[in-house]
Amino acid sequence: MAKRLVPLLNRILVEKIVPPSKTSSGILLPEKSSKLNSGKVVAVGAGARDRDGKLIPVTIKEGDIVLLPDYGGTEVKLGDKDYHLYRDEDILGTLHE
């Protein structure tokens, strides 16, 4: 049975993207050259509520590639995969091609 985690409030479930350690031709890349802390959004909560009870929706949607802070987030392990939970305001930005 597969588990599915649905984040609550303004939380976002992210699967970190691991940069390749070598090129297709076999050249090993130094660790610092591939240090971009990014991830793919897997699931998004509905949003938080303000003092009046109005819903403030999350600004990020599933499938977005996001830039993550160096520290923070909560590590979650589901099956054999590692994920991280972040708040909406902790995400630094989205990456577009």
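FYI, side chains are in, hydrogens and waters are out, and symmetry mates aren't considered; it's all heavy atoms of this structure. None of these values were measured; they are calculated from a predicted model.
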Side-chain donor-acceptor pairs under 3.5 Å in residues 41-52, sequence neighbours left out?
from: Arg49; atom 1: NH1; to: Gly53; atom 2: O; distance (Å): 3.0
from: Asp50; atom 1: OD1; to: Asp52; atom 2: N; distance (Å): 3.1
from: Asp50; atom 1: OD1; to: Gly53; atom 2: N; distance (Å): 3.0
from: Asp50; atom 1: OD1; to: Lys54; atom 2: N; distance (Å): 2.8

Only pairs under 3.5 Å count here: list side-chain donor-acceptor contacts from residues 55-69, not counting sequence neighbours, and write none if there are none.
from: Thr59; atom 1: OG1; to: Asp88; atom 2: OD1; distance (Å): 3.1
from: Lys61; atom 1: NZ; to: Asp64; atom 2: OD1; distance (Å): 3.4
from: Asp64; atom 1: OD2; to: Lys61; atom 2: N; distance (Å): 3.2

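For Glu89, the side-chain hydrogen bond (donor to acceptor under 3.5 Å, both in side chains) partners are Asn10, not counting sequence neighbours. Residues passing the side-chain contact (heavy atoms from CB on, under 4.5 Å) test with Lys77, sequence neighbours excluded: Asp82.
Atom NZ of Lys16 has more than 12 neighbouring heavy atoms from other residues, nucleotides or ligands inside a 6.0 Å radius.
Under the 4.5 Å side-chain criterion, counting only non-hydrogen atoms from C-beta, Arg87 is not in contact with Leu9. Here the side chains of Tyr86 and Val14 are in contact, with some heavy-atom distance below 4.5 Å.
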